[in-house]
Amino acid sequence: MITGITGQDGSYLAEFLLHKGYEVHGLIRRASTFNTQRIDHLFQDPHTKDKKLILHYGDMSDASRLTTLLATIQPDEIYHLAAQSHVRVSFDEPEHTGDVTGLATTRILEAIRLVSLHSKFYQASSSEMFGAAPPPQHEETPFYPRSPYGAAKVYSYWLTRNYREAYGMFATNGILFNHESPRRGETFVTRKITRAAASIKLGLQDKLFLGNLDSIRDWGYAPEYVEAMWLMLQADEPDDFVVATGVSATVKDFLEASFESLDLDWTKSVEIDPIYLRPTEVDALVGDPSKITKATSWTAETSALQLARKMAQADLELLNNPKFLDEFWWRY
Ligand code: NAP
Ligand code: GDD
């Protein structure tokens, strides 16, 4: 079962698990517009016999729905990915973020405790929890969150550990550093940059407004990170793992690589707009993935600059052929 199946990671994880032969259950929110674009290529008609992908309406604010669903599905593995995941937005909506990114983890852990204790649980923890703690960050680095989102994720991290210790649940935290892809939400900095680069290349836009260009991030490729999630749940014991490339890049580096891959000069198009600055910034996140590499042999393969080029090309292709969206998702 995957919460957040319609998000970037949920879509790659669903593909990965279906490919392994799993029956996948996904929680989706009812919306007045379609919100399943990232998983439309996986959709199976409800009337299909022996369906492998089954979608259920539900919201992380609804504890009784979560309990009923778990009682019915009895999943072997639960990947809890649903969240209000945008750091800047969490300053505007701190209470909502606390509810959906923080408290909702208690709702699903309680549902497991009550009706599905055998289910293995994966919590989508975040490098944002390290916040102001200097890099390189690893499993023993003290948390110092710098946003309502980071604070909500720290709460969820500790709830996951507490249920593991209190009830013997198989509950694991994956502390993932930033990971991106052509499916990344359009308001995260990498996708904002690559979409703008493609649009500028085609003459559809001339300016790109950004905030802090000096932030340092450890950007990896999302499909590789969902494999790490699965590996963590195949371990003999539940534990907490950092997942990262170990290599740093600035927003400026990412800009340069994206624009240059389309033969563009970013300095001619980018302007700073203070509305994109955060009340408190996380200056540098660079992870040390030694523990997961030792436990599972997982390592990141794609570098931030390769990713910048891949995403810029994908956005160019998408803008040129918007009607081939289905084919597009498959290929990236
Ligand atoms: P994402 O693209 O923003 O996807 C978030 C998912 O959560 C979407 O499916 C969204 O549904 C769902 N969701 C939001 N509020 C919900 C609610 N109230 N009830 C049910 N579902 C709800 O995020 P992502 O990048 O795939 O990240 C997946 C998880 O990993 C998140 O928890 C994120 O915080 C965490 N994480 C991400 C990164 C990263 O770099 N990507 C790093 C560390 C941790 P809709 O499609 O309907 O909006
Ligand atoms: N979004 C955005 N928009 N960020 C900008 C911009 C802009 O216009 N200009 C500069 N930045 C800077 C931000 O200030 C931040 O330092 C950096 O680019 C990355 O911002 P995001 O792409 O929004 O990601 P994030 O690092 O804040 O959060 C992401 O990674 C976390 C893991 O560390 C999200 O995916 C979180 O959900 C995830 O937990």
Side-chain angles (χ1 to χ4, degrees), residues 2-14 26-31 33-39 56-62 65-66 79-90 96-97 99-101 103-105 107-108 122-131 137 145-147 149-150 152-153 156 173-181 183-193 196 208-222 225-226 229 242-244 250-252 254-255 270-278 280-287:
I2 304 174
T3 72
I5 194 170
T6 54
Q8 170 190 258
D9 291 4
S11 71
Y12 283 118
L13 182 63
L27 187 78
I28 60 167
R29 294 198 276 185
R30 193 270 156 185
T33 50
F34 288 119
N35 59 356
T36 53
Q37 190 184 49
R38 291 190 181 98
I39 52 167
H56 308 266
Y57 281 121
D59 194 289
M60 290 310 302
S61 59
D62 184 350
R65 176 63 170 153
L66 293 172
Y79 297 86
H80 174 41
L81 311 183
Q84 191 302 93
S85 72
H86 202 284
V87 173
R88 179 66 191 84
V89 171
S90 79
H96 171 72
T97 304
D99 186 27
V100 169
T101 306
L103 198 54
T105 307
R107 296 190 186 106
I108 192 159
Y122 172 84
Q123 164 60 19
S125 285
S126 165
S127 50
E128 186 70 16
M129 302 187 304
F130 296 122
Q137 293 100 355
R146 296 265 287 171
S147 61
Y149 168 84
K153 284 286 183 187
S156 288
N173 282 292
I175 309 174
L176 272 53
F177 282 62
N178 301 49
H179 45 280
E180 319 292 315
S181 74
R183 301 183 192 180
R184 184 61 144 148
E186 290 86 348
T187 59
F188 295 96
V189 78
T190 53
R191 187 76 197 287
K192 185 171 166 184
I193 290 171
L208 167 59
F209 293 95
L210 291 170
N212 179 9
L213 305 188
D214 297 321
S215 325
I216 295 170
R217 289 291 182 274
D218 175 334
W219 281 296
Y221 184 35
Y225 284 49
V226 302
M229 294 177 190
V242 158
V243 180
T250 60
V251 172
K252 220 180 264 173
F254 196 95
L255 250 178
V270 172
E271 282 185 26
I272 304 302
D273 184 337
I275 63 166
Y276 297 114
L277 299 175
R278 292 161 186 196
T280 39
E281 176 62 287
V282 169
D283 295 327
L285 293 174
V286 189

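When a ligand or atom number is given, it counts from 1 through the structure's own listing order.
- No donor-acceptor contact under 3.5 angstrom links the side chains of Gln84 and Thr101, judged on distance only.
- Taking every non-hydrogen atom of Ser126 and a distance limit under 4.0 Å, the qualifying atoms of ligand 2 come out as 31 (C), 32 (C), 33 (O), 38 (C), 39 (O).
- Side-chain N/O atoms of Ser90 and Thr97 include no donor and acceptor closer than 3.5 Å.
- Near Ala124, meaning under 4.0 Å from any of its heavy atoms, are these atoms of ligand 1: 29 (C), 30 (O), 32 (O), 35 (C).
- Separation of atoms CG (Leu81) and CE (Met60) is listed at 10.0 Å; rounding is to 0.5 Å.
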### Query
Can you list the steps and then say if Ile28 with Thr36 is a side-chain contact (heavy atoms from CB on, under 4.5 Å)?
CA-CA 8 Å; Ile28 60 167; Thr36 53; 4.3 Å; yes
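- Atom 22 (O) of ligand 2 has its closest protein heavy atom at Val189 N, 2.8 Å.
- Remark: Lys252 engages Asp214 in a salt bridge, criterion side-chain N to carboxylate O under 4.0 Å.
- Contact annotation for Glu281 and ligand 2: only side-chain heavy atoms (C-beta onward) come within less than 4.0 Å of the ligand.
- For ligand 1 and Leu176, the ligand atoms under 4.0 Å from any heavy atom of the residue are 42 (C), 43 (C).
- With rounding to the nearest 0.5 angstrom, the CD1 atom of Ile5 is 9.0 Å from the NE2 atom of His56.
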### Task
Please step through side-chain contact (heavy atoms from CB on, under 4.5 Å) for the pair Val189 and Phe254, ending with a clear verdict.
CA-CA 9 Å; Val189 78; Phe254 196 95; over 6 Å; no
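- Arg146 has no carboxylate O lying under 4.0 Å from a charged side-chain N of Asp283, or vice versa, which leaves the two without a salt bridge.
- When non-hydrogen atoms are compared, ligand 1 lies under 4.0 Å from neither the backbone nor the side chain of Glu128.
- The closest protein non-hydrogen atom to atom 8 (O) of ligand 2 is Lys192 NZ, 2.7 Å.
- In this structure, atom 36 (C) of ligand 2 lies nearest to the protein heavy atom Ser85 O, 3.3 Å.
- For atom 33 (O) of ligand 2, the closest non-hydrogen atom of the protein is Ser127 OG, 2.5 Å.
- Residue Glu180 holds its CD atom at 10.0 Å from CZ of Arg217, rounded to the nearest 0.5 Å.
- Annotation: atom 27 (O) of ligand 2 to nearest protein heavy atom, Arg278 NH1, 2.5 Å.
- The proximity of Lys153 to ligand 1, defined as any non-hydrogen pair under 4.0 Å, is limited to the side chain.
- The closest non-hydrogen atom to atom 41 (N) of ligand 1, taken over Glu180, Gln84, Arg184, comes from Arg184.
- Annotation for ligand 2: atoms under 4.0 Å from non-hydrogen atoms of Glu128 are 33 (O).
- Proximity of Val100 to ligand 1, defined as any heavy-atom pair under 4.0 Å, is confined to the side chain (atoms from C-beta onward).
- Ligand 1 does not have Thr3 within reach: every non-hydrogen atom of the residue lies 4.0 Å or more from it.
- Geometrically, ligand 2 and Trp219 share no nitrogen or oxygen pair separated by less than 3.5 Å.
- The heavy atom nearest to atom 21 (N) of ligand 1, considering only Ser181, Ala82, Ala244, is found in Ala82.
- For Lys252, no heavy-atom contact with ligand 2 is shorter than 4.0 Å.
- Between the side chains of Glu281 and Asn212, at least one donor N or O sits under 3.5 Å from an acceptor N or O.
- When only interatomic distances are considered, the shortest N/O to N/O separation between Val87 and ligand 2 does not fall below 3.5 Å.
- Atom CG of Leu27 is separated from atom CG of Leu66 by 6.5 Å, given to the nearest 0.5 angstrom.
- Which parts of ligand 1 touch Asn178 is read off a 4.0 Å heavy-atom cut-off, strictly below it: atoms 40 (O).
- Taking CG of Leu210 as the start and CG of Asp273 as the end, the distance is 9.5 Å to the nearest 0.5 Å.
- Only side-chain heavy atoms of Val251 come within less than 4.0 Å of ligand 2; its backbone N, CA, C and O stay farther off.
- Within the 4.5 Å cutoff, the side chain of His80 has heavy atoms near those of the Thr3 side chain.
- The shortest heavy-atom distance from Arg183 to ligand 1 is not under 4.0 Å.
- Residue contacts with ligand 1: Tyr149 is included, with a non-hydrogen atom under 4.0 Å away.
- Looking at Arg217 next to ligand 2, an N or O pair under 3.5 Å apart turns up.
- Here the OG1 atom belonging to Thr33 is positioned 6.5 Å from the CG atom belonging to Asn35, to the nearest 0.5 angstrom.
- Protein heavy atom closest to atom 9 (N) of ligand 2, with residue, atom name and distance, is Gly211 N, 2.8 Å.
- Atom 35 (O) of ligand 2 has its closest protein heavy atom at Arg184 NH2, 2.8 Å.
- Cation-pi check for Arg183 over Tyr12 is met; the charged atom lies under 6.0 angstrom from the ring centroid and within 45 degrees of its normal.
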### Task
Before giving the answer on side-chain contact (heavy atoms from CB on, under 4.5 Å), spell out for Thr105 and Gln123 the whole-Å C-alpha distance, their side-chain angles and the decisive distance to 0.1 Å.
CA-CA 8 Å; Thr105 307; Gln123 164 60 19; 3.6 Å; yes
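- Within ligand 1, the atoms closer than 4.0 Å to a non-hydrogen atom of Asn35 are 47 (O), numbered from 1 in the order shown.
- Between Asp9 and ligand 1, an N or O atom pair is found at a separation short of 3.5 Å.
- Within the listing of ligand 2, atoms 33 (O) sit less than 4.0 angstrom from a heavy atom of Leu285.
- Residue-level proximity to ligand 1 for Arg29 is carried by the side chain, the only part with a heavy atom below 4.0 angstrom.
- Geometrically, Arg184 engages Phe188 in a cation-pi contact, judged by NZ or CZ lying under 6.0 Å from the ring centre and within 45° of the ring axis.
- Counting only heavy atoms of the protein, atom 16 (O) of ligand 2 lies nearest to Ser215 OG, 2.7 Å.
- Residue-level proximity to ligand 2 for His86 is carried by the side chain, the only part with a heavy atom below 4.0 angstrom.
- Of the charged side-chain nitrogens involved, none lies within less than 4.0 Å of a carboxylate oxygen, so that Arg88 and Glu128 do not count as a salt-bridged pair.
- Close approach of ligand 2 to Asn212 (heavy-atom distance below 4.0 Å) involves ligand atoms 9 (N), 10 (C), 11 (N), 12 (C).
- Note that Lys192 lies outside the cation-pi zone of Phe209, set by a 6.0 Å cut-off to the ring centre and a 45° limit from the axis.
- Here Tyr221 and His179 keep their ring centres 6.0 angstrom or further from each other.
- Only backbone heavy atoms of Thr187 (N, CA, C or O) come within less than 4.0 Å of ligand 2; its side chain stays farther off.
- Annotation for ligand 1: atoms under 4.0 Å from non-hydrogen atoms of Gly7 are 2 (O), 4 (O), 8 (C), 9 (O), 26 (O).
- Contacts of Ser125 with ligand 1, taken as heavy-atom pairs under 4.0 Å, involve the backbone alone.
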